[in-house]
Number of protein chains: 2
Amino acid sequence: MPSEIIAGSETTSTVQLPREESWGYQVNHLARLLEGALRDRIARHGVLPGAFAQLLALFERDGLSQSELSSAVHIDPSTMALTVRRMERDGLVTRSPSLRDRRQTEIRLTRHARELQSTLIGRAIEVNDLAKKGVDDADLAVVRRVLAQMIANLLNDVERAPS
Amino acid sequence: MPSEIIAGSETTSTVQLPREESWGYQVNHLARLLEGALRDRIARHGVLPGAFAQLLALFERDGLSQSELSSAVHIDPSTMALTVRRMERDGLVTRSPSLRDRRQTEIRLTRHARELQSTLIGRAIEVNDLAKKGVDDADLAVVRRVLAQMIANLLNDVERAPS
DNA sequence: TGACATTACTTGGCATGCCATGCATACTGT
DNA sequence: ACAGTATGCATGGCATGCCAAGTAATGTCA
């Protein structure tokens with residue numbers, strides 16, 4: 001019993017799929033709203049939402065290379081190249097060639113970025129709190145687990161469908 | 001007890017926020033994976049993922065205007081202008097000025113798009129099934145409800161923070 | 001060691017999204 | 001009827017994401 005196909009009228013037997021039934025649609029919509037809510041709260045600090053996950057990764061471990069950052073936040077290296085350049089432009093990181101491997105670029109937080117750490121995390125928590133307002137803690141745990149499972153399922157799919 | 005602030009070491013008292021704790025990060029990641037999985041499955045039919053929700057809306061009710069389509073799928077009108085043009089380019093819709101209101105453009109499905117309906121919905125269902133593989137039905141219902149609640153919470157926020 | 005493969009990053013092309021602006025068309029109230 | 005407002009769409013600018021292809025540096029192995 002895999003899925004809910006909603007038949008249209010009996011006469012036409014048209015196959016329908018309400019947008020609310022589609023995980024892609026719901027998740028995409030929520031993702032855009034979360035990004036917007038974060039953008040509203042961090043713009044004044046000169047940080048873009050697309051740099052947020054990268055900052056969190058660097059807060060945990062500074063000096064990562066671009067490819068390490070890419071894997072850490074699951075973003076394509078070509079996207080990371082642009083994002084890191086924007087972060088440099090915005091005074092959040094510096095880029096310096098690695099000494100052990102001249103292909104690599106070491107990304108290091110600026111003092112400014114480190115000073116923003118608590119503030120930025122506070123803003124992210126605000127967004128999280130807003131999103132989960134009125135939701136039961138047990139349900140939140142379920143959602144966390146299911147989202148992780150779905151991510152794992154889809155990552156699996158990507159790997160076994162190389163191109 | 002709103003949120004889980006994870007303190008770093010006792011000495012530095014650095015505020016940390018693992019990416020896995022952030023709804024924005026998880027939901028964004030899942031959204032990108034779902035979009036990619038759909039893209040892989042509908043590219044051969046000449047349909048882009050960014051057109052999918054619009055097609056679903058038009059399958060339910062053909063001849064919507066761009067602004068009606070925008071509200072239906074919660075996409076900015078300026079984005080819709082581009083998307084509809086791509087859909088026209090790809091032979092999925094036609095655009096014709098409305099007779100009642102010359103400002104409006106009526107978007108109508110082509111025969112080709114209508115012929116793709118079942119196939120496309122089948123592909124979306126494949127993605128949904130893949131994503132929810134191994135997940136309990138009761139848990140899925142919880143997730144659906146919580147996502148809807150979060151979307152409502154954030155929509156609410158956007159409205160009361162006009163600018 | 002020298003050919004071949006791999007890795008790190010960049011670049012170009014494109015899709016998808018938002019905001020701010022501009023223009024044409026409609027609507028409203030006096 | 002006309003001024004002022006609102007609506008529908010297009011456009012420019014930008015952010016964020018992907019893939020494909022190119023270049024430089026590194027690694028591998030006969």
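Just so it is clear, the model here is predicted, and its values are computed rather than measured. So you know, we letter chains A, B, ... as the sequences are listed, proteins then strands, and number each from 1.
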Could you pick out which residue, Q104(B) or T83(A), lies toward the 5' side of DNA chain D when each is mapped onto its nearest nucleotide? Q104(B)
On DNA chain D, nearest-nucleotide positions of H74(A) versus R39(A): which is more 5'? R39(A)
In Å, rounded to the nearest 0.5 Å, how long is the span from [atom1] of [X] to [atom2] of [Y]?
X	Y	atom1	atom2	value
Q149(A)	R144(A)	CD	CZ	16.0 Å
Q104(B)	S65(B)	CD	OG	4.5 Å
H45(B)	T119(B)	NE2	OG1	5.5 Å
W23(B)	L147(A)	CH2	CG	6.0 Å

Find the distance [X]:[atom1] to [N]:[atom2] and express it as a whole number of Å.
X	N	atom1	atom2	value
M87(A)	dT16(D)	CE	P	10 Å
E106(A)	dA8(C)	CD	P	14 Å
L48(B)	dG17(C)	CG	P	11 Å
L34(A)	dC18(C)	CG	P	14 Å
I42(A)	dT16(D)	CD1	C1'	13 Å
D76(B)	dA15(D)	CG	P	17 Å
L38(B)	dA15(C)	CG	P	16 Å
D40(B)	dC18(D)	CG	C1'	11 Å

Output yes when a side-chain donor or acceptor of Y25(A) lies under 3.5 Å from a complementary backbone atom of F52(B), and no otherwise.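 It does not hold such a pair.
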Short side-chain to backbone donor-acceptor contact, D62(A) and L109(A), under 3.5 Å: yes
Side chain to side chain contact (heavy atoms under 4.5 Å, CB included) for E106(B) and R108(B)? Distances and angles first, verdict last. CA-CA 6 Å; E106(B) 278 180 13; R108(B) 304 199 161 280; 3.2 Å; yes
Interface residues of residues 50-65 of chain B with DNA chain C (non-hydrogen, below 4.0 angstrom):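 Of all residues in residues 50-65 of chain B, the ones placing a heavy atom under 4.0 Å from DNA chain C are G50(B).
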Please produce a list of atom pairs where a protein N or O lies less than 3.5 Å from an N or O of nucleotides 25-29 of chain D.
{"residue": "dA25(D)", "atom": "N3", "partner": "R103(A)", "partner atom": "NH1", "Å": "3.4"}
{"residue": "dT26(D)", "atom": "OP1", "partner": "R102(A)", "partner atom": "N", "Å": "3.3"}
{"residue": "dT26(D)", "atom": "OP2", "partner": "R102(A)", "partner atom": "NH2", "Å": "2.9"}

Taking the side chain of [X] as heavy atoms from C-beta outward, which of [options] is closest to it?
X	options	result
S78(B)	dC9(D), dC18(D), dG12(D)	dG12(D)
S67(A)	dA8(C), dT10(C), dC9(D)	dA8(C)
R86(B)	dC9(C), dT16(C), dC9(D)	dT16(C)
R95(A)	dT10(C), dA15(C), dT16(D)	dT10(C)
A81(B)	dA20(D), dT16(D), dT11(D)	dT11(D)

Please determine whether a side-chain nitrogen of the Lys or Arg among D137(A) and K132(A) lies less than 4.0 Å from a carboxylate oxygen of the Asp or Glu.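 Between K132(A) and D137(A) there is no salt bridge, as every charged N stays at least 4.0 Å from the carboxylate O atoms.
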Run the side chain to side chain contact (heavy atoms under 4.5 Å, CB included) test on R86(B) and L92(B) for me, step by step, so that the C-alpha distance in whole Å, both residues' side-chain angles and the decisive distance to 0.1 Å come before the verdict. CA-CA 9 Å; R86(B) 273 192 291 265; L92(B) 298 170; over 6 Å; no
Return whichever of M80(A) or R32(A) has its heavy-atom-nearest nucleotide of DNA chain C closer to the 5' end.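 Checking each residue's closest nucleotide, the 5'-ward one belongs to M80(A).
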Examine the base of dC9(C) for any acceptor or donor lying under 3.5 Å from a partner atom in the side chain of T105(A), and report the outcome as yes or no. no
Kindly say if Q66(A) contacts the phosphate of dT10(C), meaning a side-chain N or O under 4.0 Å from OP1 or OP2. yes
Applying a 4.0 Å non-hydrogen cut-off, can you work out what T79(B) is touching in the nucleic acid: base, sugar-phosphate, or nothing? base
Provide the full list of ring-ring contact (aromatic ring centres under 6.0 Å, His included) pairs with a residue in residues 66-124 of chain A, sequence neighbours left out, each pair given once.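 Residue pairs with at least one partner in residues 66-124 of chain A: H74(A)-H29(B).
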